Amino acid sequence: MKRTNTCGELCSTDLGKDVCLQGWVRFSRDHGGILFFDLADAYGITQLVYDPEDVDEGVDKTSLASILDSFTRESVVSVTGTVRERVAGTEDARNPTGKVEVLIQDAELLSRSLSPPFEIGEQKEHLLPAEDTRLRYRYLDLRRAEMIRCLRFRHRVISLARQYMESASFLEVETPLLTRSTPEGARDFLVPSRVHPGSFYALPQSPQLFKQMLMVAGVDRYYQLARCFRDEDSRADRQPEFTQFDIEMSFVDREDIITIIEGMVSHIWRGLFDEELETPFLRLSFDEAMSLYGTDSPDLRFDMPMVDVTEIVRETPYDIFQRVLSKKGSSICGLNVKGSDGAEGLGRNEVDRLISWIKRHGMGGMTWMRVTDKGLDSNIVKYFTPEVQNGLIEAMGAEDGDLLLFLAGPRRKVLEAGGLLREKLAADLGLIKEGSHQFLWIIDCPMFEKDPVSGNLTAFHHPFVRPVGVLSDDVQGESYDLCLNGVELGSGSLRNHDVDVQRRILSMLGLSDERMEDDFGFFLEALSYGAPPHGGIALGVDRMVSIMLGKESIREVIAFPKNKRMHSPFDGSPTPVDDEKLSELQIMSLAMDDIDFDDIDIEE
RNA sequence: GCCCCGGUAGUGUAGUGGCCUAUCAUGUGAGCCUGUCGAGCUUUCGACUCGGGUUCAAAUCCCGGCCGGGGCGCCA
């Protein structure tokens, strides 16, 4: 018999129906005569009951009982029976099907399960097995309602995004996975070619050049759920393969693209949280973000900007500040920890701990003072004149009960360490409201970064960003990065449709004319046949979904993720392959320690 | 490449040099139990990541490996 219902749908309106349910035996309870089973599937749990006194006439109780005896945990079973009300007082209010139960009349074991290696029933997070055990048995882990919820949630995000793009007349186009290796960017995953021995495809780090060529083709509005590959070390929010929601548009300016993204994200939030996001999102320039928060992806769920007090304290005879300020390019920045004298605040011990913490992040130390009703207070305020003290109080908006922290050193280092300190303070003091979402655009990023050692330029984003105005080493790009809760969700820009500008940028990045032709000739040629002004953006789907669900790692929202060492616990990849396969590709591995190089004939 | 944290029954844990013949829970096997719902009760089984070292004595301290996680570098 086929199943008539899922395990999540029977309720009081189904009373008296004859049904067939199929699913997994999650729990069973034997009361010595009467048996209960929790039958689970992706939709819910329905209680089955075997009551020998209530089964229909003609049912072979002995054989039914012996079948039920084989219903071990997580075995897949099929039962037919009658929906009935539970005995008064035994309803389960936590379960949507908790008012009814199915009286078993017939049963069949479809597939017996070994004893599961860990508990699959709903449970508290801290009782979960270690992640590597969960990953090794991912098919069991995914049976858990919480994981099904994550998969379904991710599906809804994608589905809403598609729906929005459809309504905005975007065309979904697939681009190749076997592509060309290019010099810039992350390390490529390479795929050897059998037909062209010695040559390799690369898996795409993003569909960047293809989507731009689609614009040249006149596609006008493109999107794709693009799988991307980068052979770099992983992190909680980085996997070697990941998914981007990739978008490109022609004949648009920055505002058009930002509007589309804000519209799409709002559509998703409306659909999943029934919440109206405030648009337009906040914006900060790259310089503002660095100056105020010391990072290009600040978390604005809490306020606590850095204040540059360099000029206020410049003449102060406090030796530490004087020594730092005697060096060019030094700054002194302060953070105001509001209301820090209460029970929730930071005592002397906590401040000492912060000082040793900040030393591990490259600072020589940290200066601190408390704000009292009588003014500033600490062992070093004697070096600060009343005018300077008032200047600090005013600049930092200090009030009675605040704690002021100051870092001194090279400007960039101070800002970055201050940014880390700011986030640590927020985490330690619980300043971040759980479940809140704060979007932010970072605009006007530099086009280039200069390698401090070699002095060579590298692209801040990628080499295809259009400069704002005239091209130079320190020009800004027409870029816009979307941040959510301090995480970079996506990066976008207007692109170069002028092939000459594009050539000059590649040249500034150190590509010779020859290299440029070899690596990007096909693309530059495309730009030479009438490229429309265009731009786009790509959003990290895994990151967005994991933040929406409040998960610490994107692995929680990927069905089969790689582990930290880029190993796949499911299929054991990567693996060595047979020599036959390698020789067909004319490849020899140097990692095998049994190669005898004397045996190798090298052709002239 | 580097730094930090961790590794005890199937699972989650306790155990900071001798009280360890290693705790507790859950699970597993057996039994009891007619309204439970992560049922309950009785009982059984089951573990110190590996290799070296220190010590009279190591789960415990030291060194190294392996495995897992967080981070730096890297991620145009």
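Order of the sequence lines sets the chain letters (A, B, ...), proteins ahead of strands, with each chain counted from 1. Predicted, not measured: the structure shown is a model, and the values here were computed from it. Quick note: numbers below take in every heavy atom, side chains included, and nothing from hydrogens, waters or symmetry partners.
- Base engagement by Glu101(A) is indicated by at least one non-hydrogen atom pair under 4.0 Å involving a base atom.
- Among the heavy atoms of the strands, none lies under 4.0 Å from Asn95(A).
- The gap from the P atom of A14(B) to that of C33(B) amounts to 38 Å, rounded to the nearest Å.
- The P atoms of C48(B) and G10(B) are separated by 9 Å, rounded to the nearest whole Å.
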In B/S/- notation (B base, S sugar-phosphate only, - none; protein heavy atoms under 4.0 Å), nucleotides 39-46 of chain B written 5' to 3' is B-------

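- Inspection of the Asp188(A) and Ser181(A) side chains reveals an N or O donor paired with an N or O acceptor under 3.5 Å.
- Rounded to the nearest 0.5 angstrom, Ile443(A) CD1 and Gln476(A) CD are separated by 9.0 Å.
- Two rings, from Phe460(A) and Phe448(A), have their centers 6.0 Å or more apart.
- Scanning both residues, Thr182(A) and Asp519(A), for their nearest heavy atoms gives CG2-O, 4.1 Å.
- In this entry the distance linking CG of Leu140(A) with P of U11(B) reads 13 Å, nearest Å.
- Residue pairs meeting the salt bridge (Lys or Arg N to Asp or Glu O under 4.0 Å) criterion with at least one member in residues 564-573 of chain A, sequence neighbours excluded, do not occur.
- Judged by centroid separation below 5.5 Å and plane tilt below 30°, Phe118(A) does not stack onto the base of U11(B).
- What separates CG of Leu103(A) from P of G35(B) is a distance of 16 Å, to the nearest Å.
- Among the protein residues, Glu91(A) comes within range of the nucleic acid bases, having at least one heavy atom under 4.0 Å from a base atom.
- With Glu74(A) as the partner, the salt bridge (charged side-chain N to carboxylate O under 4.0 Å, His left out) test is satisfied by one option alone out of Arg143(A), Arg112(A), Arg144(A): Arg143(A).
- With G27(B), U11(B), C67(B) as the choices, the nucleotide that has an atom nearest any side-chain atom of Thr133(A) turns out to be U11(B).
- Using P as the reference atom, C20(B) and A39(B) are 34 Å apart when rounded to the nearest Å.
- At least one side-chain nitrogen or oxygen of Arg555(A) sits closer than 4.0 Å to the OP1 or OP2 atom of G70(B).
- Comparing U44(B) with G7(B), their C1' atoms are spaced 28 Å from each other, to the whole Å.
- Side-chain atoms of Ser75(A) and Thr72(A) form a donor-acceptor pair, as typed in the model, at a separation below 3.5 Å.
- With C1' as the reference atom, A9(B) and G51(B) are 23 Å apart, rounded to whole Å.
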Exercise for review: Give the C-alpha distance, both sets of side-chain angles, the deciding distance and a yes or no for side-chain hydrogen bond (donor to acceptor under 3.5 Å, both in side chains) between Asp287(A) and Ser285(A).
Suggested key: CA-CA 5 Å; Asp287(A) 287 338; Ser285(A) 73; 5.3 Å; no

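- Separating the CD1 atom of Ile120(A) from the P atom of U28(B) is a distance of 11 Å, rounded to the nearest angstrom.
- Applying the side chain to side chain contact (heavy atoms under 4.5 Å, CB included) test to Ser493(A) and every residue at least two apart in sequence or in another chain returns His462(A), Val465(A), Ser479(A), Arg495(A).
- Side-chain contact check for Thr175(A) and Gln224(A): at least one donor-acceptor pair (N or O, by modelled atom type) lies under 3.5 Å.
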Protein heavy-atom contacts under 4.0 Å, written 5' to 3' over nucleotides 71-76 of chain B as B (base), S (sugar-phosphate only) or - (none), form the string BBBBBB

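- Between the CD1 atom of Ile34(A) and the C1' atom of U36(B) there is a distance of 8 Å, given to the nearest Å.
- Rounded to an integer number of Å, the gap from Lys551(A) NZ to G69(B) P is 17 Å.
- Contacts with RNA chain B (heavy atom under 4.0 Å) in residues 491-511 of chain A: none are found.
- Taking a cutoff of 4.0 Å between a charged side-chain nitrogen and a carboxylate oxygen, Asp518(A) and Arg515(A) do not qualify as a salt bridge.
- Between the side chains of Ser297(A) and Glu488(A), no donor-acceptor pair is found at a separation under 3.5 Å.
- Comparing U49(B) with C67(B), their C1' atoms sit 8 Å apart, to the nearest whole Å.
- For the P atoms, the distance linking G46(B) with C41(B) amounts to 23 Å, nearest Å.
- RNA chain B is contacted by no residue of residues 414-427 of chain A, taking any non-hydrogen atom closer than 4.0 Å.
- In this structure, Arg86(A) reaches the bases: a heavy-atom distance under 4.0 Å links it to at least one base atom across the strands shown.
- Taking the C1' atoms as reference points, C24(B) lies 33 Å from C63(B), given to the whole Å.
- Checked by atom type, the side-chain pair Tyr293(A)/Asp299(A) shows no donor-acceptor distance below 3.5 Å.
- Side-chain atoms of Arg543(A) and Gln244(A) include no donor-acceptor pair closer than 3.5 Å.
- Remark on RNA chain B: of its neighbouring residues Asp92(A) and Pro117(A), the 5'-side contact belongs to Pro117(A), judged by nearest-heavy-atom nucleotide.
- Taking the six-membered ring where tryptophan is involved, the planes of Phe464(A) and Phe523(A) are perpendicular, since the angle between them exceeds 60° and thus also 30°.
- Counting only heavy atoms from C-beta on, Pro129(A) has its side chain closest to U11(B) among G38(B), U11(B), G68(B).
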